[in-house]
Amino acid sequence: MMNLSRCPILLLLLFALFCSCHDEDREDTPPTDKRTANFIVKYNDGSGIHPDYKAKVYIYYGIYSMDIAGFRYLSDGVLEYRGQEIVPDIELFADGKEDVSLLLSNTEKITVVVESSFYEGKIGITSYSPGDMPIKDTFIFGG
């Protein structure tokens with residue numbers, strides 16, 4: 001007969017074993033070097049929602065937005081914290097288009113910062129996991 005004082009310990013060990021076998025970064029899709037991203041950027045000026053034609057999109061490989069929480073945004077996509085600067089891996093501009101599309105060169109985690117051209121100084125930030133394919137997102141800036 002099993003000693004009841006050992007039961008919670010066994011349950012705890014089984015739980016720890018179960019948790020240690022879970023890999024958060026495991027991709028559910030087969031690995032590929034083709035990863036597309038599409039971002040639509042708009043602004044709301046109170047009279048409606050309009051394309052933000054001159055918006056800027058910055059992509060940073062290998063980081064999540066949580067990794068840069070203490071950083072402040074400088075111009076041209078540069079992030080700074082206590083003298084450390086992070087520059088974007090990719091810089092895109094909407095240049096007369098409603099959306100920005102690209103083929104990403106890898107499948108690692110990324111953070112995207114979008115800067116509105118209509119509302120100066122307003123940015124949006126989001127991150128995507130390695131398994132997020134394709135990436136599609138819409139940013140709407142308001143006053």
Side-chain angles (χ1 to χ4, degrees), residues 2 5-143:
M2 182 188 272
S5 65
R6 290 185 184 180
C7 191
I9 294 172
L10 286 174
L11 287 174
L12 185 60
L13 288 173
L14 285 173
F15 180 73
L17 179 64
F18 173 76
C19 291
S20 67
C21 292
H22 179 68
D23 183 7
E24 283 183 26
D25 292 331
R26 192 186 99 230
E27 295 181 28
D28 291 331
T29 58
T32 179
D33 57 355
K34 305 264 191 248
R35 186 179 189 193
T36 59
N38 179 269
F39 305 103
I40 297 173
V41 186
K42 298 183 177 205
Y43 67 88
N44 186 344
D45 63 0
S47 67
I49 297 175
H50 314 280
D52 199 338
Y53 287 125
K54 296 180 183 177
K56 299 174 185 173
V57 177
Y58 302 102
I59 297 175
Y60 308 82
Y61 285 128
I63 60 173
Y64 283 126
S65 54
M66 297 177 311
D67 301 331
I68 55 173
F71 284 71
R72 68 185 173 105
Y73 180 78
L74 304 177
S75 62
D76 299 324
V78 177
L79 304 170
E80 186 272 333
Y81 180 72
R82 296 185 180 177
Q84 177 189 3
E85 289 187 352
I86 299 175
V87 296
D89 294 294
I90 299 174
E91 299 178 20
L92 301 165
F93 304 95
D95 288 340
K97 297 183 288 185
E98 182 176 338
D99 68 332
V100 176
S101 296
L102 73 147
L103 183 64
L104 297 170
S105 63
N106 63 49
T107 58
E108 66 183 288
K109 61 186 175 182
I110 64 168
T111 290
V112 176
V113 173
V114 176
E115 181 180 353
S116 174
S117 68
F118 187 81
Y119 288 110
E120 190 174 323
K122 289 236 178 186
I123 64 167
I125 185 170
T126 190
S127 295
Y128 303 92
S129 296
D132 293 340
M133 289 192 231
I135 296 172
K136 293 182 180 185
D137 215 338
T138 301
F139 295 83
I140 301 176
F141 293 95

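Nothing fancy with the numbering, it's 1 onward along the sequence.
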May I have the list of side-chain donor-acceptor pairs in residues 135-143 shorter than 3.5 Å, sequence neighbours left out?
residue	atom	partner	partner atom	Å
Asp137	OD2	Tyr128	OH	2.5

Contact between Asp45 and Tyr119 at the side-chain level, heavy atoms closer than 4.5 Å - yes or no? yes
Hits for salt bridge (charged side-chain N to carboxylate O under 4.0 Å, His left out) against Lys42, two or more places apart or cross-chain, chain-then-number order -> Glu98
| Are side-chain heavy atoms of Lys109 and Pro130 found at a separation under 4.5 Å? | yes
Taken in chain and number order and not counting sequence neighbours, the residues that satisfy side-chain hydrogen bond (donor to acceptor under 3.5 Å, both in side chains) with Asp76 are none
Smallest heavy-atom separation, Ala94 atom then Tyr53 atom, equals CB-O, 2.9 Å
Any chance you could lay out the side-chain contact (heavy atoms from CB on, under 4.5 Å) test for Ile86 and Tyr60, step after step, and finish with the verdict?
CA-CA 8 Å; Ile86 299 175; Tyr60 308 82; 3.9 Å; yes
Heavy-atom count check: over 12 atoms from other residues, nucleotides or ligands less than 6.0 Å from Lys54 NZ?
no
>> Looking at Phe118, is its backbone amide N or carbonyl O close enough to the side chain of Ser116 to form a donor-acceptor pair, meaning the two atoms are under 3.5 Å apart?
In response: yes
Nearest heavy-atom approach of Gly77 to Pro88 is O-CD, 3.4 Å
Task: From CA spacing to verdict: side-chain contact (heavy atoms from CB on, under 4.5 Å), Ile63, Ile68 - done: CA-CA 8 Å; Ile63 60 173; Ile68 55 173; 3.8 Å; yes
Tyr81 meets the ring pair (Phe, Tyr, Trp, His ring centres under 6.0 Å) criterion, sequence neighbours left out, with Phe71
Across all chains, not counting sequence neighbours, the salt bridge (charged side-chain N to carboxylate O under 4.0 Å, His left out) partners of Glu80 are Arg72
Indicate whether the side chain of Tyr61 and that of Thr111 have a donor and an acceptor atom separated by less than 3.5 Å. no
For Met133 and Thr107 the tightest heavy-atom approach is CE-CG2, 3.5 Å
### Task
For Tyr58 and Val87, indicate whether the former's side chain and the latter's backbone hold a donor-acceptor pair under 3.5 Å.
no
For Leu104 and Ala37, the nearest pair of non-hydrogen atoms, with its separation, is CD1-CB, 4.1 Å
Q.
What verdict does the side-chain contact (heavy atoms from CB on, under 4.5 Å) test give for Leu74 and Leu79, after you've listed the backbone C-alpha separation in whole Å, the side-chain angles of each residue and the deciding distance to 0.1 Å?
A. CA-CA 6 Å; Leu74 304 177; Leu79 304 170; over 6 Å; no
So salt bridge (Lys or Arg N to Asp or Glu O under 4.0 Å) across residues 113-133, not counting sequence neighbours, yields none
Between the CG atom in Asp67 and the OG atom in Ser127, the distance rounded to the nearest 0.5 Å is 7.5 Å
Tested for side chain to side chain contact (heavy atoms under 4.5 Å, CB included) against Leu102, the lone hit among Val57, Ile59, Thr36 is Ile59
Expected output: side-chain Asn44 to main-chain Ile49 donor-acceptor under 3.5 Å: no
For Ser117 and Ala55 the tightest heavy-atom approach is OG-N, 3.8 Å
